[in-house]
Each structure stands twice: as structure tokens, then as C-alpha cells.
Amino acid sequence: LHQFSSYIDELYAYQNCILYIKEAFITLLFWRGHYAIDVMGHTYLLPLHSMVAFSWAITVVEYPQLIPSLSFFMIAWLMFATMMFRRTNPNRWHRCKSFLEMSNALIYGRFPAPEKIASCQNRDAVDAYEKMWMKKIERESILAKEAEEVAEEVLEEEGQLADAVDGSDITTKRENGAVVAVDPIRPFVEPIHVYLAVTCHWLRCCRNVILWQECYLSFWITMGSLVLSFACLFIPWFFIIRWTSRIVAWTLFGPWMMLVDIHYWVPMENMSEEDRIEEKEKARKMRKVVFKKQIEEARTQKEKAKKLKQMKRYIFGKFIAKVPVLKEDRHWDVPLAESSATLYKPKPLPLAEVAMMEAGYHRVRLPGQQLEGDMIPVVQSTNTTEAPIGQATKKHAKSESDTAAYTKVGSVVVGAA
């Protein structure tokens with residue numbers, strides 16, 4: 001029951017999203033500035049989202065064929081809006097990777113250098129930002145409580161009205177005996193618990209994607225939506241709709257459908273009982289063959305899963321946990337405002353040390369839990385070195401000459417021999 005109530009509380013916590021959606025809609029509708037730009041030492045707030053919405057609205061009204069393009073653009077627009085919302089947070093620990101950073105990693109293969117975060121950086125702005133949102137949440141809670149009280153008063157008045165009306169029915173009714181109190185909720189708690197777990201799981205995944213916590217997936221959704229939105233601009237939607245409608249109309253509603261009725265539908269309706277039984281028997285045999293094949297495959301997969309499970313418990317221990325692919329944590333682990341972050345720069349190593357490190361010298365590599373083999377699964381073998389055979393090492397100190405490096409490597413080889 002504790003976990004059941006935890007899921008319920010988590011679902012109730014998503015009511016705060018209504019506040020953020022309301023604020024976003026008001027900002028969009030009333031052209032409130034939110035995007036800061038600096039012009040000659042002055043900061044101006046532009047209503048960027050309102051400008052985009054107005055441009056698309058007046059364009060789609062005149063050109064309805066752009067609706068598919070707008071649909072994909074709205075997905076990318078939503079992702080950009082949530083990204084900008086997190087990027088404008090004065091607390092740098094709450095910020096996510098930007099679309100430009102992800103694009104730079106896609107094009108050049110590397111992220112920009114991480115920024116340094118000092119302890120208590122922007123502390124005043126962070127406190128003011130958090131107080132502002134807490135005040136808005138408290139105000140919405142008060143309004144919701146007042147609305148609930150009004151609803152209770154209306155419900156009470158309706159109950160009083162029902163009591164006043166009760167008794168006007170003069171018909172007689174049969175009085176039943178004592179009714180045994182039965183809890184109807186108890187048998188349904190377990191299925192509801194499962195549904196709540198699945199619902200919370202998917203809500204967490206959607207929340208992490210929309211808020212750029214899963215930044216890689218968010219980036220590809222945004223990029224794909226932009227590409228599809230741009231591609232839809234060049235698709236002749238009116239031409240496709242017109243000719244699709246023509247094909248459907250001329251194919252399904254023409255007089256030649258009489259031939260379909262004569263040669264297909266009527267013979268099927270006038271089929272004798274023996275032919276019907278024969279057709280049903282053929283269909284049943286085909287279904288049995290397919291079902292038998294599916295059963296065999298399912299049993300094989302079940303046997304492999306059981307064998308793999310027992311072998312993993314025998315080799316690694318009796319407990320097995322599934323590692324989620326996407327983040328499923330209810331609460332995010334965000335450092336406090338007092339935390340700090342500095343760029344880590346590893347010290348460059350000489351060529352000899354790099355070669356020995358990449359060759360696995362004094363390195364103990366623990367094998368993973370990936371098993372291979374059908375009859376007797378064994379641990380999958382992995383290479384103990386990252387250095388390609390016959391190729392140079394990856395990095396070494398520039399201050400060291402190649403002659404000195406070769407001398408060190410040669411001495412190591414001779415000493416080992």
C-alpha cells in the first residue's frame with residue numbers, strides 16, 4: 001500500500017504542470033517578452049513565441065496545405081520552448097544541454113568545453129527565481145482549494161434539495177434484509193497497482209524527454225521534427241488528397257462493383273453448408289500450423305530464458321535486476337546551489353607509459369555479465385587492451401622525443417624478456 005500511495009502522490013504532483021502550461025499560454029497569448037537580447041548595452045525582452053505563433057497562424061489560414069508541416073514544427077517548437085525554459089534558469093545546475101551544443105557534437109564529434117560553476121553562483125537570482133515559482137504554486141493551490149470548497153457547498157445544496165424532494169414518491173418499495181458489507185476495492189488493488197506503475201513509468205520517460213533530461217533523444221526528436229516540417233513544405237498535399245479521393249470514389253462507388261457482387265460476394269453468400277465447413281476446416285488447419293509454430297518458438301525462447309537466468313544466478317549471484325534504458329527516476333539528482341564544478345584536465349603521459357597502459361600493464365579487467373553459447377553459456381570474452389596491433393598509441397606528451405620513447409619501450413620489452 002505504501003508504493004500504491006506513492007504512485008498516487010506522483011500522479012497528483014503532475015498537476016503542477018497545469019501551472020506551467022497556463023503561464024506559457026498567457027505569455028504566448030498576450031505577447032509577453034521572455035527572450036532576452038542585448039542591444040547597445042541595453043537588454044530587451046522579445047515575445048519570440050508570440051511572433052512565431054502569429055506568423056504560422058496567418059500563414060496557415062491562407063495556405064491550409066501547410067498544416068502537416070505545422071504539425072511537425074509544433075513538436076520541435078515545444079521541445080525548443082522547454083529547452084529555453086530550462087536554459088533561462090539562473091541555477092546552472094538545473095540547465096540542460098542546448099540544441100546548438102548537440103548539433104556541434106553531431107557535426108564535429110565533440111561537445112564544447114564545460115563551463116566552470118562556482119559555489120553559490122547567482123545565489124540571489126536563484127533564490128528570487130525559486131521564490132517566484134513557489135509563490136505562484138501557493139496561489140494556484142489556494143485557488144484550487146477555494147474552488148473545491150465552492151464545489152462542496154454546491155454539492156451540499158444539491159443534497160439538501162434532494163432531501164426536500166424525497167418523500168414525494170408514494171409508490172411502495174420492497175425492503176431488503178441486512179446487507180453484508182463487502183469491500184469491492186480489494187480485488188482490484190493489484191491490477192490498479194500494475195497500471196499505476198506502467199503509467200508513472202511512461203510519464204517519467206515523457207517528462208525526461210520533453211524537459212531535455214534525456215538530451216540525446218530530445219535532440220533527435222527536435223531535429224527529426226524540423227526535417228519533416230521542412231520536407232512537408234514541398235509535398236503537394238492538395239494534389240495527393242484530390243487524386244486519392246478520385247481513386248477511392250472511382251474504385252469503390254462505380255457500377256463495376258456489380259461485377260464484384262456477382263463474381264465474389266454472391267457466390268460467397270450462396271455457398272453450401274459443405275463448402276462452408278470445408279473452408280472453415282482449411283482456415284482452422286492453417287491457423288493451427290501458424291499457432292504450433294508460434295508455440296514452438298515461444299517454448300524455445302522460454303527455455304533459453306530459464307537456462308540463461310539459472311546460469312547467471314549460478315555465476316554472478318541469485319539476484320538479477322534489469323537496467324533501464326531510459327531514465328525512470330521520479331526525482332532528479334541536482335547538486336545544491338553551494339556546489340561547484342571545475343574542468344578536469346588529465347596530465348599528459350609519456351609514450352612509454354601510454355603504451356604500457358593501453359597494453360593492459362597492471363590492469364585488472366573484470367568481465368561483464370554477457371553470456372554466449374547455447375548448450376552451456378559462458379562469459380563473453382573481451383579484449384584486455386584498447387591499443388590496435390601494429391599501430392601507434394593514442395596520446396603521449398609532446399615534450400618527449402620519439403627516440404627517447406622508443407628507447408623506453410625497447411628497454412621495457414628487453415626487461416620483460
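Any value given below was found using the heavy atoms of this structure, including those in side chains, with hydrogens, waters and symmetry copies removed.
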Return yes if some donor-acceptor pair links the side-chain N/O of Trp237 with the main-chain N/O of Cys232 below 3.5 Å, else return no. yes
Are Phe30 and Ser50 side-chain neighbours, meaning at least one heavy-atom pair lies under 4.5 Å? no
Neighbour count >12 (heavy atoms, 6.0 Å) for atom CZ, Arg246: yes
Could you tell me the separation between the OG1 atom of Thr27 and the NZ atom of Lys22, rounded to the nearest 0.5 Å? 11.5 Å
Should the heavy atoms of other residues, nucleotides or ligands under 6.0 Å from CE of Met286 be counted, would the total exceed 12? no
Mutual orientation of the aromatic rings belonging to Tyr129 and Phe85 [parallel < 30°, tilted 30-60°, perpendicular > 60°]: tilted
Write down the atom of Arg313, the atom of Ile320, and the distance for their closest heavy-atom approach. CG-CD1, 3.8 Å
Test item: Ser225 side-chain N/O and Ile221 main-chain N/O as donor-acceptor pair under 3.5 Å: yes
Side-chain touch Met223/Met102, heavy atoms, less than 4.5 angstrom: no
Can you name the nearest heavy-atom pair linking His94 to Asn89, along with the distance? CB-ND2, 3.6 Å
Enclosure of Tyr20 OH (heavy-atom neighbours >12, cutoff 6.0 Å): yes
Student check: side-chain heavy atoms of Leu11 and Leu203 closer than 4.5 Å: yes
Nearest non-hydrogen partners of Met79 and Ser218, listed with the distance: CE-CB, 3.5 Å
Between Leu19 and Glu140, the two heavy atoms sitting closest are CD1-CG, 3.4 Å
Arg86 side chain vs Leu211 backbone, donor-acceptor pair below 3.5 Å: yes
Under the 3.5 angstrom rule, does the side chain of His34 hit a backbone N or O of Met84 as a donor-acceptor pair? no
Just so I know, are the side chains of His42 and Val39 near enough to count as touching, which here means a heavy-atom distance under 4.5 Å? no
For Tyr195, look at atom OH and say whether over 12 heavy atoms of other residues, nucleotides or ligands are found less than 6.0 Å away. no
Can you confirm whether Leu106 sits close enough to Trp220 that some side-chain heavy atom of one is under 4.5 Å from a side-chain heavy atom of the other? yes
Does a side-chain heavy-atom distance below 4.5 Å link Asn91 with Asn122? no
Would you compute the distance between atom CG of Asn104 and atom CD of Glu101 and round it to the nearest 0.5 angstrom? 8.5 Å
When every non-hydrogen atom of Ser119 is compared with those of Ser340, the smallest separation belongs to N-CB, 3.7 Å
Heavy-atom closest pair, residues Glu10 and Tyr14: O-CD1, 3.0 Å
Closer than 3.5 angstrom, by distance alone: can the side chain of Trp212 be matched with the main-chain N or O of Arg95 as a donor-acceptor pair? no
Do Lys97's NZ or CZ and the ring of Phe219 fall within the cation-pi criteria of under 6.0 Å and 45°? no
Student check: side-chain heavy atoms of Gln65 and Phe239 closer than 4.5 Å: no
Can you establish whether the number of heavy atoms outside Trp202 located under 6.0 Å from its atom CH2 is more than 12? no
More than 12 heavy atoms of other groups within 6.0 Å of Phe230 CZ: no
Neighbour count above 12 (heavy atom, 6.0 Å) for Trp256 CH2: yes
Determine whether more than 12 heavy atoms belonging to other residues, nucleotides or ligands lie under 6.0 Å from atom CH2 of Trp332. yes
State, with a plain yes or no, whether a side-chain heavy atom of Phe80 is found less than 4.5 Å away from one of Thr222. yes
CH2 on Trp93 to OG on Ser339, rounded to 0.5 Å: 5.5 Å
